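Remarks on the structure that follows.
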Amino acid sequence: MNAIDAASWMEEILPPIGSQEVWAAGVTYLRSRDARMEESKDSGGADFYDKVYTAERPELFFKSQPHRVAAHGQPVYIRQDSAWNVPEPELTLFINSKGIIQAYTIGNDMSSRSIEGENPLYLPQAKVYERSAALGPCLYVPETPIALTTVIRMTIVRDGKDVYNGEVPISQIKRSLTELAEWLYRETDFIYGCFLMTGTCLVPPDDFTLQEGDRVDIQIDNIGTLINTVSYKPSRQL
């Protein structure tokens, strides 16, 4: 396969999802807790994030239906009614119908920090909208559970220049991956299995917000790189 054919093939790749729902875990890393507390301090909601970080029960929330998920190479959207938008690079689990982690992929949990910061009850609007989730570029199916030394990296590119770079090993996560899967499956059945984003530790500075045209590159050891451009949802023609 030549370079032109390879580039064309990558443009047509679909997200590695069928009929599964996508869920997400929040405040699983200390950096995420600190960021959530900072963004919500004016609304009086900061204590909620500190409490959930130390609680036995994790924060779990519905993220996306499969038809709203962006693939590698496709745009992810930022909300037009939000002034502060960020990507959240996350190791994402594929859990089968029996609650067993079978594979891994890369997830981008797009988030409106201004909306969630205004009121924690606005979490669904901050997190769940068209193309607020991206998965890809593949499913990684190792013979043994993924190593805790695995590193997540994120680069945000604007006008050809890097405006953010960060990396972190997944060993910094507070809860085990099997613990998160067990909580999700306690009272809910997923007959086709489920994808679970496991939280982020890479948070851009508080003065940073995504802009239309930015490119978000997320790389995880042994899985690959998920690349998405940032856009607004096209206006619906009535």
Side-chain angles (χ1 to χ4, degrees), residues 15 22-29 31-43 45-46 48-49 59 61-65 68-92 106-136 152-168 197-219 225-236:
V22 181
W23 284 65
V27 201
T28 54
Y29 289 86
R31 178 68 182 93
S32 178
R33 184 207 68 171
D34 293 345
R36 299 288 87 78
M37 291 178 68
E38 177 64 25
E39 74 190 20
S40 60
K41 65 180 182 181
D42 291 340
S43 67
F48 289 105
Y49 297 99
E59 178 192 13
F61 58 90
F62 175 80
K63 178 64 182 179
S64 183
Q65 296 174 310
R68 290 199 172 99
V69 175
H72 170 80
Q74 291 183 335
V76 288
Y77 293 159
I78 50 177
R79 294 186 62 114
Q80 298 192 51
D81 58 355
S82 171
W84 189 8
N85 300 284
V86 295
E88 296 188 3
E90 306 191 13
L91 176 68
T92 302
I106 302 171
N108 184 352
D109 173 20
M110 296 289 289
S111 180
S112 165
R113 294 189 64 183
S114 60
I115 292 177
E116 185 179 357
E118 183 178 349
N119 191 315
L121 294 180
Y122 292 160
L123 175 73
Q125 295 176 76
K127 292 284 193 178
V128 184
Y129 55 89
E130 200 70 27
R131 291 205 180 179
S132 65
L135 293 176
I152 304 175
R153 301 175 179 87
M154 181 171 70
T155 301
I156 302 173
V157 181
R158 178 174 298 162
D159 298 328
K161 298 180 180 179
D162 293 358
V163 292
Y164 175 83
N165 279 289
E167 64 177 58
V168 65
M197 296 182 173
T198 58
T200 189
C201 192
L202 296 175
V203 181
D206 290 347
D207 61 354
F208 176 88
T209 186
L210 287 169
Q211 297 180 8
E212 188 174 21
D214 288 351
R215 193 186 80 218
V216 180
D217 299 357
I218 303 171
Q219 190 265 336
T225 304
L226 172 65
I227 301 174
N228 300 98
T229 54
V230 176
S231 184
Y232 291 107
K233 184 174 76 69
S235 299
R236 184 171 60 180

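Numbering starts at 1 and runs along the sequence shown. For the numbers below, each heavy atom of this structure counts, side chains included, while hydrogens, waters and symmetry mates do not. Being a predicted model, the structure only gives us computed values, none of them experimental.
Taking a 6.0 Å sphere around CG of Asp81, one finds it holds more than 12 heavy atoms contributed by other residues, nucleotides or ligands.
To the nearest 0.5 Å, atom OG of residue Ser114 and atom CH2 of residue Trp84 are 8.0 Å apart. Considering CG of Leu91 and CD1 of Ile152, their distance stands at 5.5 Å, rounded to 0.5 Å. In this structure, Arg113 CZ and Asn85 CG are separated by 11.0 Å, a value rounded to the nearest 0.5 Å. One distance of note links CD of Gln125 with CD of Glu118; it measures 9.0 Å at 0.5 Å rounding. Separation of atoms CZ (Arg79) and CG (Leu210) is listed at 14.5 Å; rounding is to 0.5 Å. Atom-to-atom distance recorded for Met110:CE and Ser64:OG is 12.5 Å, nearest 0.5 angstrom.
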Q | Val86 and Val203: CA distance, side-chain angles, deciding distance, side-chain contact (heavy atoms from CB on, under 4.5 Å) verdict | A | CA-CA 8 Å; Val86 295; Val203 181; 5.8 Å; no

Q.
side-chain contact (heavy atoms from CB on, under 4.5 Å), that's the test. Do Tyr164 and Asp214 meet it? Break it down for me.
A. CA-CA 11 Å; Tyr164 175 83; Asp214 288 351; over 6 Å; no

Q.
Determine whether Lys233 and Arg131 satisfy the following criterion, side-chain contact (heavy atoms from CB on, under 4.5 Å), listing intermediate values before the conclusion.
A. CA-CA 8 Å; Lys233 184 174 76 69; Arg131 291 205 180 179; over 6 Å; no

Q: Quick one: do Met197 and Leu135 satisfy side-chain contact (heavy atoms from CB on, under 4.5 Å)? Show the steps, please.
A: CA-CA 10 Å; Met197 296 182 173; Leu135 293 176; 4.0 Å; yes

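Side-chain atoms of Phe208 and Ile156, non-hydrogen and from C-beta on, do get closer than 4.5 Å to each other. Looking at heavy atoms from C-beta onward, Asp217 lies in side-chain contact with Arg215 at the 4.5 angstrom threshold. In this structure, Met154 and Pro87 have side chains that are in contact, with non-hydrogen atoms separated by less than 4.5 Å. A 4.5 Å side-chain heavy-atom check between Leu123 and Val128 finds every atom pair outside the cut-off. Put simply, the side chain of Arg158 reaches to within 4.5 Å of the side chain of Gln211, judged on heavy atoms. A 4.5 Å side-chain heavy-atom check between Arg68 and Ser132 finds every atom pair outside the cut-off. Using a 4.5 Å cut-off on side-chain heavy atoms (C-beta onward), Tyr77 and Tyr129 make contact. Counting heavy atoms from C-beta outward, Asn108 and Val216 have side chains that approach closer than 4.5 Å.
For the pair Thr92 (side chain) and Gly107 (backbone), a donor-acceptor distance under 3.5 Å is present. Judged purely by atom type and a 3.5 angstrom limit, His72 uses its side chain to pair as donor or acceptor with the backbone of Ile227.
Listed here is the closest heavy atom pair of Thr28 and Gly199: OG1-CA, 3.4 Å. Among all heavy-atom pairs drawn from Ala71 and Asn228, the shortest one is O-ND2, 2.8 Å. The minimum heavy-atom distance linking Ala70 with Pro75 is given by the pair CB-O, 3.5 Å. The heavy-atom pair separating Ala83 from Thr209 by the smallest distance is O-OG1, 3.6 Å. Smallest separation of non-hydrogen atoms from Leu202 and Glu167: CD2-N, 3.5 Å.
In this structure, Glu90 does not pair ionically with Lys63, as no charged nitrogen and carboxylate oxygen lie closer than 4.0 Å.
Inspection of the Thr155 and Asp162 side chains reveals no N or O donor paired with an N or O acceptor under 3.5 Å.
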